[in-house]
Number of protein chains: 2
Amino acid sequence: MKKYEEIYTDIKNKIVSGEYTATEQLPFEKDLCDAYNTSKMTVKRALDLLVDEGLIIKRRGSGTFVKDLSQKEIERITQINQLNGFTAAHSKGDNKVTSKVLAFDVRQADETVMDKLNLKPGSFVYNIYRVRYINDKPAALEKAAMPIESVPGLEKKHLENSIYHYVKKELGLNIQSAHRLFTVKKADDEEARYLNVDRNDPIAVTEQITYLDTGHAIEYGVTKSRADSFAAETIISN
Amino acid sequence: MKKYEEIYTDIKNKIVSGEYTATEQLPFEKDLCDAYNTSKMTVKRALDLLVDEGLIIKRRGSGTFVKDLSQKEIERITQINQLNGFTAAHSKGDNKVTSKVLAFDVRQADETVMDKLNLKPGSFVYNIYRVRYINDKPAALEKAAMPIESVPGLEKKHLENSIYHYVKKELGLNIQSAHRLFTVKKADDEEARYLNVDRNDPIAVTEQITYLDTGHAIEYGVTKSRADSFAAETIISN
DNA sequence: GAGTGGTCTAGACCACTTC
DNA sequence: AAGTGGTCTAGACCACTCT
């Protein structure tokens with residue numbers, strides 16, 4: 001493990017465990033350098049990770065302090081901003097995630113998909129349409145387009161489980177980032193039917209573009225979630 | 001302007017303007033060091049900002065590449081993850097943001113507020129309840145609790161405009177971060193009335209805790225937005 | 001003025017990819 | 001083997017806060 005990760009983990013544990021309490025001032029960077037026997041840049045990097053994560057704040061000229069977070073907030077913070085697919089994101093605890101494939105075919109990318117995935121006209125994409133279930137309860141309707149050359153050998157059986165698993169473990173591709181947009185709408189007839197809600201019930205819409213570490217977009221997806229199985233979190237820092 | 005910001009800005013401009021095109025390989029860090037007459041750490045820092053922003057990706061052993069982003073996606077990226085209050089967030093273009101104050105009083109923090117703001121029992125908070133309008137159209141219902149000692153001198157006139165403006169410009173406080181949680185619900189009678197929608201219409205709920213650079217939570221707010229005036233974006237990176 | 005965190009350097013060495 | 005980005009150092013100097 002890298003040195004800055006060790007320092008980050010160590011300090012984070014001390015915050016989570018309560019050894020460093022809310023609003024408490026951390027040791028000065030200089031002293032942390034001594035304590036961890038390392039250089040300033042490395043300590044700074046470790047602390048900056050904690051700032052990004054929302055656990056501490058730094059003030060030049062004053063020092064570094066644990067944020068005034070409630071215990072619940074601390075617990076939540078340690079779980080957000082993880083780059084997971086639907087399966088991993090909802091498999092926490094004993095949840096069972098399954099899928100029903102409504103459509104799986106190859107077609108030419110339409111205008112929207114071409115634009116979102118930055119494809120050339122005439123490019124072919126897998127067209128995937130699934131209902132996702134959590135513990136056998138319908139949770140989301142997921143439409144996705146994936147360029148065929150990025151995901152060779154995709155089969156129906158992969159759709160019934162986790163596409164991300166296939167992409168990562170079997171194809172050995174590295175997912176680097178995802179851009180997400182959240183909006184809200186009324187359920188139409190189709191959404192109502194598959195999600196087992198009433199027409200006009202509220203639906204959370206997550207539009208997502210997923211990128212590989214090659215820089216290429218691998219997926220444009222629109223996920224329509226039932227209100228009772230949707231939540232998204234984010235931390236914004238200056 | 002700091003050196004790493006200059007390099008970041010320069011490269012970003014070249015991406016936005018199209019001088020560096022999608023999937024193009026950037027010069028090696030070594031060459032960028034020469035070009036900007038600086039050290040490796042500084043170049044790395046500038047590039048890491050672009051990675052966080054979602055514009056480029058780096059692969060050890062291979063190089064640095066512009067992400068395969070569509071032009072629209074590039075435009076969107078440059079606008080997200082900004083730490084703004086409702087007023088600033090919705091004042092883009094010629095939008096006019098106004099408010100109607102439904103309630104403004106001081107009370108003891110209830111269980112939830114105490115927990116979210118990490119307050120001691122018996123602490124007093126401003127209780128604020130407003131309808132927010134964009135171009136005179138109701139857009140959101142906002143309930144907020146703010147510790148009285150954090151926001152001295154808050155008056156009704158501030159609520160009718162921007163609280164953030166008062167906090168930042170008049171009190172000189174620095175907002176450091178915000179933790180947001182998004183969910184979805186059906187409009188109840190009260191929400192329907194104030195937002196001018198039908199009962200059971202979809203509503204986006206944003207729950208937010210805002211922190212000062214002192215580490216103290218200054219606001220716990222719940223914003224109920226009309227579906228047609230809500231959108232939230234986020235970028236997740238490995 | 002003393003002390004904090006922030007920026008930057010010049011260079012060593014490491015981990016990984018590609019040839 | 002050569003070349004990429006990643007980590008880390010030891011220290012200089014800067015910007016800001018507090019007294």
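Just so it is clear: chains get the letters A, B, ... in the order the sequence lines come, proteins before strands, and each one is counted from 1.
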I want to check one thing: is the phosphate of C:dT7, taken as OP1 and OP2, less than 4.0 Å away from some side-chain N or O of B:Arg45?
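So the side chain of B:Arg45 is within the cut-off, an N or O lying under 4.0 Å from OP1 or OP2 of C:dT7.
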Indicate whether OP1 or OP2 belonging to D:dC8 is found under 4.0 Å from a side-chain N or O atom of A:Tyr4.
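It does not, given that no N or O in the side chain of A:Tyr4 lies less than 4.0 Å from OP1 or OP2 of D:dC8.
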Would you mind reading off the distance between [X] atom [atom1] and [N] atom [atom2], rounded to a whole angstrom?
{"X": "A:Ile7", "N": "D:dT9", "atom1": "CD1", "atom2": "C1'", "result": "13 Å"}
{"X": "B:Met1", "N": "D:dC14", "atom1": "CE", "atom2": "C1'", "result": "17 Å"}
{"X": "B:Asp34", "N": "D:dT4", "atom1": "CG", "atom2": "C1'", "result": "15 Å"}
{"X": "A:Glu5", "N": "C:dC14", "atom1": "CD", "atom2": "P", "result": "18 Å"}
{"X": "B:Asp213", "N": "C:dT4", "atom1": "CG", "atom2": "P", "result": "18 Å"}
{"X": "B:Asp31", "N": "D:dG5", "atom1": "CG", "atom2": "C1'", "result": "13 Å"}
{"X": "A:Leu49", "N": "D:dG6", "atom1": "CG", "atom2": "C1'", "result": "14 Å"}
{"X": "B:Glu29", "N": "C:dC8", "atom1": "CD", "atom2": "P", "result": "15 Å"}

Taking for each residue the nucleotide of DNA chain D bearing the nearest heavy atom, is the 5' side occupied by A:Lys3 or by B:Thr64?
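Going by which nucleotide is closer to the 5' end, it is B:Thr64.
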Hey, which of these two, B:Leu26 or B:Asn174, hits DNA chain D nearer its 5' end, going by closest nucleotide?
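The 5'-side residue here is B:Leu26.
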Among A:Lys44, A:Lys58, A:Arg60, find the residue that satisfies the salt bridge (charged side-chain N to carboxylate O under 4.0 Å, His left out) test when tested with A:Glu29.
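So, applying the salt bridge (charged side-chain N to carboxylate O under 4.0 Å, His left out) to A:Glu29 and each of A:Lys44, A:Lys58, A:Arg60, only A:Lys58 qualifies.
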Give the ring-plane orientation class for B:His179 versus B:Tyr211, where under 30° counts as parallel, over 60° as perpendicular and anything between as tilted.
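Aromatic pair B:His179/B:Tyr211 classed tilted.
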Does this structure show an ion pair linking [X] with [Y], if we count only N-O contacts that are shorter than 4.0 Å?
{"X": "A:Arg76", "Y": "A:Glu73", "result": "yes"}
{"X": "B:Glu160", "Y": "B:Lys156", "result": "yes"}
{"X": "B:Lys30", "Y": "B:Asp34", "result": "no"}

Could you tell me if the ring centre of A:Phe104 sits under 6.0 Å from that of A:Tyr126?
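Yes, they do, as the ring centres are separated by less than 6.0 Å.
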Which of the following nucleotides, D:dT9, D:dG6, C:dT7, is nearest to the side chain of A:Lys44?
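Nearest listed nucleotide: C:dT7.
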Look at the side chain of B:Lys58 and decide which nucleotide, out of D:dG5, C:dT17, C:dT4, has an atom nearest to it.
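Comparing D:dG5, C:dT17, C:dT4 against the side chain of B:Lys58, the answer is D:dG5.
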Which of residues 35-42 of chain A have a heavy atom under 4.0 Å from DNA chain C?
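Under 4.0 Å from DNA chain C: A:Lys40, A:Met41.
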Check whether the side chains of A:Arg132 and A:Ser99 place a donor and an acceptor atom closer than 3.5 Å, and report yes or no.
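Indeed, the side chains of A:Arg132 and A:Ser99 share at least one donor-acceptor pair under 3.5 Å.
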